[in-house]
Amino acid sequence: MGVLAEMFSYPFLVRAFVGGVLVSLCASLLGVSLVLKRYSMIGDGLSHVSFGALSIALAMGWSPLPVSIPVVVLAAFFLLRITENGKMKSDAAIAMISASALAIGIIVTSMTTGMTTDVSSYMFGSILAMSREDVILSGALSVIVLGLFVICYNKIFAVTFDENFARATGVRVGLYNILIAILTAVTIVLGMRMMGAMLISSLIIFPALTSMRIFKSFRGVVLSSGILSIVCFAIGMMGSYCFSTPAGASIVVVNLAAFLLFFAWQACVKKM
Amino acid sequence: MEENRNEAGSGEAKKPLIVCQNVDFGYENYDVVVGVSMTVEEGDYVCIVGENGSGKSTLMKGLLGLLKPTGGSLTVAEELKKTGIGYLPQQTAAQRDFPATVQEVVLSGCLSRRGALPFYSRKEKAIARENMEKTGIYQIKDHCYRELSGGQQQRVLIARALCATSRLLILDEPITGLDPSAIQDLYAMLKQLNREGVAILMVSHDIRNVVSEASKILHLKREVLFYGTVQEYKKSAVGKEFLGGDS
């Protein structure tokens, strides 16, 4: 606790902590639905598109969020369509789009500003990146995501478990898919500058995958993912503060440790 | 349950649940199924047969309301419009390792009864329980769906479909991936449900079993080659050829 108190004496760390907890929570809840629907790659694709959009905004001297949020939301629509239509191999298509977005981002940056600290922090994250504006946006986002999961919990379950059945019983499946894609896009843009474009998708994928090792009910997986994401984030941040490691990478490593722990637990339970 | 039996057994004129008049279904500018005229009435046990690519799945999607008819008229009974149709889709790969309890899955069938309200009430939980008991899965209600056998999973999905409506079940190739004893179980359960007044519409490859189970056959090959009772089907040229070629 002493470490926490010491950390909270720095205003920028408080901002990073609050914003990060909120973003992790949103990412983990949305992640349950994305992972179970086999849409994990969408998160990864969006983070790369987000990197491209941010570098262009930076090169043009525009403020980053108003430019990148609409671009990434558009990309989310597009990726969802590719995945749903199944015309092209969707995993290949997403990989292609993410690499292209990354490449465009890198070229734009090298032609204008060069690899400044700003760009490198977009790649690998920086705890300095959380501004007041970001924290407020993260707060608004988590209210929406939590509200969606509380009010539409049963619909989200139905859409995640079986789209066709949900559609036949009159649930507007398309609407929920788009809503989840948009919220994922916003989560990624907000979390990306702290976690880094390369690491942000882990916030979406890890908690759900970890929880699925042990929990057998959807409710259990959702609750456990939410709690795990917050715990892992807090431990990762403290670790990063104590050992001066990059915050994003530390959080991912803690998530990995949690996954391995749950995995071992699952293996033990199975043997008994 | 009691109510259904009374209504179905009361001998009054059967109410049509779905009426197709010369309906076409298709995608964009190509009609996969043309000129289908059929009626599914209360208590019917209809089976749609046909070769691969004959439009069986397309017709079924159309009847479920997942595809709009491109021609003709499709009438669905008011009560089904309200609750939706009890649908048993083919399982997807993602479902096989889905973390959900049997109860959660069955309850999701009650969704259309909920409207905009966020949570399930005691009434819906009672409906879910009744249907779990009917399909013999109540004692495993807290088990994880992904750890069940294929036959048990199918029972869970039937219970879910029954939560949506006890009028009409539509099943898409329900025996895919089941072992022989599970297949017999499934047919026995469908027969039992049918006796209790649930109309059944099934798409199937399993022509030999179907002939002994169903009461009506619809043979599809882009258009309807045959629609009538099983007895008539066995005598018809189409039926003789299909049944003969199969055995």
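For the numbers below, each heavy atom of this structure counts, side chains included, while hydrogens, waters and symmetry mates do not. In the text below, chain A, chain B and the rest are named by the order of the sequence lines, each starting its count at 1.
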To the closest 0.5 Å, what do you measure between [atom1] ([X]) and [atom2] ([Y])?
X	Y	atom1	atom2	answer
Leu183(A)	Leu179(A)	CG	CG	5.0 Å
Leu228(A)	Phe262(A)	CG	CZ	4.5 Å
Ile158(B)	Leu193(B)	CD1	CG	6.5 Å

Using non-hydrogen atoms and a limit below 4.5 Å, what part of residues 136-148 of chain B faces chain A?
->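 Checking residues 136-148 of chain B against chain A gives Cys144(B), Tyr145(B), Arg146(B), Glu147(B).
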Check: Do Phe233(A) and Asn255(A) come within less than 4.5 Å of each other through their side chains, counting heavy atoms only?
Finding: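 Result no, sub-4.5 Å side-chain heavy-atom pair not found.
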So which part of [X] gets closer than 4.5 Å to some heavy atom of chain B, the side chain, the backbone, both or neither?
X	answer
Arg167(A)	both
Val32(A)	neither
Phe215(A)	backbone

query = What part of Leu157(B) is in contact with chain A, defined as an atom under 4.5 angstrom from a non-hydrogen atom: side chain, backbone, both or neither?
reply =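 Contact with chain A involves the side chain of Leu157(B) alone.
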We want to know whether Ser211(A) and Ser225(A) form a side-chain donor-acceptor pair, criterion being a heavy-atom distance below 3.5 angstrom.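 Yes.
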query = For Asp185(B) and Gln154(B), does a side-chain donor sit closer than 3.5 Å to a side-chain acceptor?
reply =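 Result is no, nothing qualifies.
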* Asked: Among Val105(B), Leu64(B), Leu107(B), which residue forms the greatest number of heavy-atom pairs with chain A at distances under 4.5 Å?
  ->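 Most heavy-atom pairs within the cutoff with chain A belong to Val105(B).
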Open item on the list: If you compare all heavy atoms of Tyr45(B) against all heavy atoms of Ala214(B), which two are closest, and at what distance to 0.1 Å?
Closed with: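 So the minimum-distance heavy-atom pair works out to O-CB, 3.5 Å.
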Name the residue from Val33(B), Leu218(B), Val34(B) that meets the side chain to side chain contact (heavy atoms under 4.5 Å, CB included) definition with Val224(B).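 Of the listed residues Val33(B), Leu218(B), Val34(B), the side chain to side chain contact (heavy atoms under 4.5 Å, CB included) partner of Val224(B) is Leu218(B).
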- Pick whichever of Lys216(A), Arg219(A), Lys37(A) has the most heavy-atom pairs under 4.5 Å with chain B.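 Ranked by heavy-atom pairs under 4.5 Å with chain B, first place is Lys216(A).
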Taking only residues two or more places apart in sequence, or in another chain, which ones meet Met41(A) in a side-chain contact (heavy atoms from CB on, under 4.5 Å)?
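side-chain contact (heavy atoms from CB on, under 4.5 Å) check on Met41(A) returns Ile94(A).
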